[in-house]
Each structure stands twice: as structure tokens, then as C-alpha cells.
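Below is one structure. I have some questions about it.
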Amino acid sequence: MIHQSEISSILDGYDREKITIATIGSHTALQILKGARDEGFKNMVICKKGSADVYRQFGLADELVIVENYKQVLETAFQERLIERNAILIPHGSFVEYLSPARIENELVVPMFGNRKVLDWESDRNKEREWLLRAGLRLPREFKDPADIDRLVMVKFPGAKGGRGYILASNPEEFEQKHKALELIDKEMYTLQEYVIGTRFYPHYFYSPLTDKVELLSMDIRYESNIDGIARLSHILQDSLPEPSFVVTGNLPVVIRESLLPRVLEMGQKVIETSRELFSPGLTGPFCIETVCTEDLEFIAFEISARIVAGTNLFINGSPYSQLLYDVPMSTGRRIAREVKEAIKGDLLDEVVY
Ligand code: ATP
């Protein structure tokens with residue numbers, strides 16, 4: 001892992017008046033670019049040919065760099081070019097997926113928003129589970145042995161694929177039958193997780209080490225295909241239900257029953273406190289806890305995303321929650337830029353960038 005002192009010495013060479021907020025053209029880039037502009041920064045988007053038009057169309061980027069392949073960002077010459085521009089990279093889900101967590105940790109010397117130590121804790125399912133359990137969150141039950149399956153389980157394979165490729169099974173026989181039919185290379189690496197029935201909430205938090213506060217900026221529900229489509233026809237399809245899939249295709253805005261807000265805030269706070277114990281200085285910046293709320297009004301957390309999530313795209317103009325916190329339309333993208341701005345003012349960039 002690249003040491004923090006290496007990133008610090010690169011930051012020392014940065015002209016603080018000329019910082020560029022840069023990201024990869026996908027996922028939440030529009031929001032990040034707009035947020036950077038709103039906070040007075042220059043911005044840059046790194047795109048593949050096919051996606052560049054989107055960023056041209058919205059006219060939000062000061063600089064648009066075309067690459068053949070996103071891995072090019074890791075090449076020394078490319079990184080030098082970013083450093084010359086005093087670039088701070090904003091990681092998002094696609095950014096991490098395209099560049100790979102291990103290569104980011106070990107090869108990316110361009111200062112990146114947040115704490116890169118989190119990549120390790122979030123990309124390893126066992127570590128992620130340890131983190132959330134220590135934070136006092138309730139998690140879905142896991143089964144070590146398929147023979148023990150006694151309820152509906154989700155069979156999860158490694159790597160974040162936006163919910164692609166999971167299967168469901170209600171008993172050991174169903175598991176064996178479906179598992180055998182899979183043609184996946186890593187089909188031996190699975191987690192058997194209880195399928196929790198309830199309503200989903202994906203709260204979007206932001207932790208600022210500068211103010212030591214966890215803010216709830218917004219919340220969404222993922223719209224997933226084909227499961228959300230099946231729900232509309234379940235009474236007709238009962239005898240011939242297709243295998244459900246959970247591929248994210250969009251996001252729906254949601255607010256939560258107000259009496260549940262204390263628990264939502266407490267979960268965010270606990271996750272931050274525990275992260276400090278596990279990988280000091282812990283998680284900083286945006287994050288999302290993916291939860292299901294049961295009929296007993298308990299939250300079961302099945303995943304954490306330790307960066308800006310795509311559900312925040314709903315709230316480029318702010319959300320019902322961010323409007324209570326800020327007088328300007330505060331998206332998560334803009335909140336990131338605001339944090340960089342505040343850190344520059346206080347000469348504390350090291351606290352928010354690694
Ligand atoms: P990403 O990394 O983009 O979040 P992923 O591939 O890691 O995606 P998950 O977020 O773990 O996938 O799961 C995808 C979807 O499956 C969830 O949004 C949710 O609808 C459903 N899901 C996952 N785990 C559970 C669970 N234990 N109980 C009920 N539904 C679940």
C-alpha cells in the first residue's frame with residue numbers, strides 16, 4: 001500500500017489555488033463535476049470515447065481527457081499529468097471497479113479523496129462483516145455449509161457487480177441444482193446469506209473529519225431488474241416465476257419514517273467510530289449502508305459502500321435531508337468539493353485526501 005507520507009509529499013507540491021477535481025466519466029461523475037464547479041474548482045473528467053459525449057452534452061467539464069482503457073490512468077505518464085494539474089481524484093463505484101482496489105492501493109500516487117485504507121475493508125466480505133458487526137449493526141445470517149440452508153438464502157459471489165449473478169435457494173437441494181448449472185469460474189467462492197424480507201433503505205452519509213460530524217445527506221432505494229419487475233406480475237407468474245436477478249437499473253428517492261431516523265444516524269456514527277479503531281484514521285467522506293428494515297422496525301445491514309454511491313444522483317439539487325443542513329443545493333458531489341475547499345482553507349488537506 002502506498003504510504004500516506006508519499007501522498008502528503010505530492011500534496012505539498014500542489015498549488016492550492018489551482019486544485020483540479022478529477023474523476024472517471026461514469027457513475028456519479030456529472031454530480032462530482034457540477035459540485036466541483038459550484039464550489040469554485042476547476043474540474044476534469046477522464047472518459048472512454050463512447051461516454052465522452054455525455055459530458056460534452058452537459059457542458060460541465062473544464063477538461064475532458066479521452067482514454068482507450070481506464071487502466072491507463074495508472075500509467076506513470078498519465079499520473080504525472082494529473083499531478084501537474086494539481087488533481088485530486090474522486091473515487092466512485094465504477095472508478096474502483098475499473099482500476100481495481102489492489103492497484104489503486106499500490107500504484108495510484110495521485111492524491112485521492114478519502115482514506116484508501118478503506119478499500120481493503122470494504123472489498124473483503126469477511127472484513128466488511130467484522131467491521132459492521134463490531135459497529136453493533138445487525139447483519140443477515142450466514143450459512144457456512146449449504147447443507148444447513150433452512151430458509152431463503154442469497155448466494156453471493158465475490159466482487160461488486162451491481163447485484164449481477166446472485167442466485168436464490170430455499171434448501172440444500174435447490175442450492176445444489178442451481179449451483180451445478182452455473183458456469184462461473186469463481187463458483188466455489190460464495191457466501192450464503194439469509195434473504196431478509198422487509199423494505200430497503202440506502203442512506204447516504206458523509207463524515208467530515210474537519211467537523212467530526214456524520215451528516216445524513218439523502219436516501220434512495222435501488223430499482224433492480226428483474227426482481228422489481230417480477231413484483232408487478234407475481235400473481236400471474238406464480239407457476240412460472242423466472243429466477244430473480246438484482247441488477248441495478250436505476251434509483252428511487254425515499255424518505256424514512258421520522259421515528260426511524262435516530263437509528264439511521266446511530267448506524268452511521270457507529271460505523272465511523274469502529275472504522276477509526278480498525279484502520280485509523282478510519283472512513284472519511286461519503287458512504288452508504290445498504291439495509292433492509294423488517295416489520296419489527298429493525299435494520300439489517302447487508303453491505304457498506306465506502307464512497308459516493310449512484311443513488312445520490314437523484315439529489316444533484318439537494319434532498320429533503322440536505323436542505324435541512326445546507327442553504328444551498330448540496331449534493332454528495334458538492335459536499336466532497338466543499339470538504340476539499342474547507343480543508344484547503346484550514347491547511348488540512350492531509351486529513352481528507354489519501
Ligand atoms: P454493489 O456493490 O453495487 O452494492 P453488489 O453486487 O455487491 O452490488 P449487493 O448490494 O450485495 O450487490 O446486492 C444487490 C441487491 O440484492 C441489493 O440491492 C438488494 O436488493 C439485494 N440483497 C442483497 N443482499 C440481500 C439480503 N441479504 N436480503 C435481501 N436482499 C438482499
Side-chain angles (χ1 to χ4, degrees), residues 26-28 31-32 91-97 114 118 121-123 125 128-129 131-132 135 137-140 154 156 160-164 166 193-207 214-225 227-228 231 244-258 260-272 275 283 285-294 297-325 330-333 335-336:
S26 182
H27 197 264
T28 38
Q31 177 193 158
I32 292 168
H92 51 56
S94 308
F95 180 106
V96 175
E97 174 77 8
V118 80
W121 281 86
E122 180 215 39
S123 57
R125 248 190 240 291
E128 180 188 40
R129 198 168 169 87
W131 176 9
L132 298 181
L137 271 57
R138 276 200 57 192
L139 270 61
M154 231 175 165
K156 295 188 166 184
K161 306 247 180 321
R164 189 177 290 275
Y166 293 168
Q193 192 175 87
E194 168 188 12
Y195 186 94
V196 185
I197 296 179
T199 51
R200 291 166 303 137
F201 290 96
Y202 301 71
H204 315 140
Y205 304 89
F206 188 96
Y207 171 65
V214 178
E215 299 165 17
L216 175 67
L217 288 181
S218 47
M219 226 181 272
D220 79 298
I221 303 175
R222 287 187 181 181
Y223 202 35
E224 293 169 338
S225 191
I227 186 74
D228 289 317
S245 60
F246 299 82
V247 178
V248 183
T249 52
N251 302 84
L252 305 169
V254 67
V255 286
I256 202 161
R257 191 173 155 172
E258 199 150 310
L260 293 173
L261 272 181
R263 180 61 187 144
V264 170
L265 292 172
E266 185 190 22
M267 287 193 293
Q269 187 67 39
K270 285 275 176 1
V271 157
I272 291 299
S275 74
L283 166 56
F287 66 104
C288 171
I289 307 174
E290 302 177 19
T291 68
V292 178
C293 186
T294 66
L297 302 182
E298 272 206 88
F299 288 93
I300 314 290
F302 59 86
E303 177 146 309
I304 181 165
S305 294
R307 66 186 66 79
I308 185 169
V309 292
T312 61
N313 284 337
L314 285 161
F315 307 106
I316 294 190
N317 242 349
S319 81
Y321 299 113
S322 73
Q323 281 168 29
L324 300 173
L325 292 169
M330 187 58 77
S331 66
T332 295
R335 183 65 188 84
I336 292 170

Query raised in the report: Which pair of heavy atoms, one from N251 and one from L314, lies closest together, and at what distance?
Result: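 Closest heavy-atom pair between N251 and L314: O-CD2, 3.6 Å.
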
Requested in this report: Apply the ring pair (Phe, Tyr, Trp, His ring centres under 6.0 Å) test between F287 and each candidate in Y205, W131, W121; give the one that qualifies.
Outcome: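 With F287 as partner, ring pair (Phe, Tyr, Trp, His ring centres under 6.0 Å) holds for just one option, Y205.
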
**Report entry** Charged N-O contact under 4.0 Å between K156 and E303
**Finding:**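 Answer for the salt bridge query: no.
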
Query raised in the report: Which atoms form the tightest heavy-atom contact between L137 and A301, and what is the distance?
Result: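 Looking at all heavy atoms of both residues, the shortest contact is CD2-CB, 3.7 Å.
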
**Report entry** Closest non-hydrogen atom pair, E194 against P140
**Finding:**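 The answer is O-CB, 3.6 Å.
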
Query raised in the report: Can you find a pair of side-chain heavy atoms, one from R257 and one from L297, that are under 4.5 Å apart?
Result: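 Answer yes - side chains close enough.
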
Requested in this report: Could you tell me whether the side chain of L260 reaches within less than 4.5 Å of the side chain of R263, counting heavy atoms only?
Outcome: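 No, side chains not in contact.
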
Requested in this report: State which residues pass side chain to side chain donor-acceptor pair (under 3.5 Å) with S331; sequence neighbours excluded, sorted by chain then number.
Outcome: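 None.
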
Query raised in the report: Which residues satisfy the ring pair (Phe, Tyr, Trp, His ring centres under 6.0 Å) test with F315, sequence neighbours excluded?
Result: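 Applying ring pair (Phe, Tyr, Trp, His ring centres under 6.0 Å) to F315 gives none.
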
Report task. Output all residues satisfying side-chain contact (heavy atoms from CB on, under 4.5 Å) with V254, sequence neighbours left out; order by chain, then residue number. Result ->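 Applying side-chain contact (heavy atoms from CB on, under 4.5 Å) to V254 gives F201, M219, I221.
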
Report task. Assess whether atom CZ of R138 is packed by more than 12 heavy atoms of other residues, nucleotides or ligands within 6.0 Å. Result ->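 For R138, atom CZ is not crowded (no more than 12 foreign heavy atoms under 6.0 Å).
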
Report task. Mind listing the closest non-hydrogen atom pair of L283 and I272 along with its distance? Result ->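 So the minimum-distance heavy-atom pair works out to O-CD1, 3.5 Å.
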
Requested in this report: Starting at CG of L265, measure out to CD of E215 and round the result to the nearest 0.5 Å.
Outcome: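 Interatomic distance, L265 CG to E215 CD, rounded to 0.5 Å: 11.0 Å.
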
Requested in this report: Supply the atom-to-atom distance I316 CD1 to S218 OG, rounded to the nearest 0.5 angstrom.
Outcome: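 It is 11.0 Å, given to the nearest 0.5 Å.
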
Query - Distance in Å, M330 CE paired with S319 OG, rounded so as to fall on 0.5 Å steps - result: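 One gets 11.0 Å once the value is rounded to the nearest 0.5 Å.
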
Query raised in the report: Shortest non-hydrogen contact from I256 to F299?
Result: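 Closest approach of I256 to F299: CD1-CZ, 3.5 Å.
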
**Report entry** Parallel, tilted or perpendicular: rings of F302 and Y202 (30°, 60°)
**Finding:**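 Rings of Y202 and F302: perpendicular, as their planes differ by over 60°.
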
Query - Within-4.5 Å side-chain heavy-atom neighbours: I336 and P286 - result: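 Contact flag for I336/P286 side chains = yes.
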
Query raised in the report: If only atom types and distance count, is the side chain of D220 paired as donor or acceptor with the main-chain N or O of T312 below 3.5 Å?
Result: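 Such a contact is absent between D220 side chain and T312 backbone.
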
Query raised in the report: If you measure from CG on L132 to OG1 on T291, what distance do you get to the nearest 0.5 Å?
Result: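 Reported to 0.5 Å precision, the distance equals 11.5 Å.
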
**Report entry** Spacing of L216 atom CG and Q269 atom CD [to the nearest 0.5 Å]
**Finding:**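 So the CG of L216 and the CD of Q269 are separated by 12.5 Å.
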
Query - Heavy-atom pair with the smallest gap, counting every atom of G333 and I308 - result: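 Nearest pair, atom of G333 first, then I308: N-CD1, 4.0 Å.
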
Requested in this report: Please examine the side chains of E224 and R200, heavy atoms only from C-beta on, and report whether any two atoms are closer than 4.5 Å.
Outcome: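 Touching, per the 4.5 Å side-chain cut-off.
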
Query raised in the report: Which distance, rounded to the nearest 0.5 Å, do you find between the CD1 of I32 and the NE2 of H27?
Result: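 With rounding to 0.5 Å, CD1 (I32) is 8.5 Å from NE2 (H27).
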
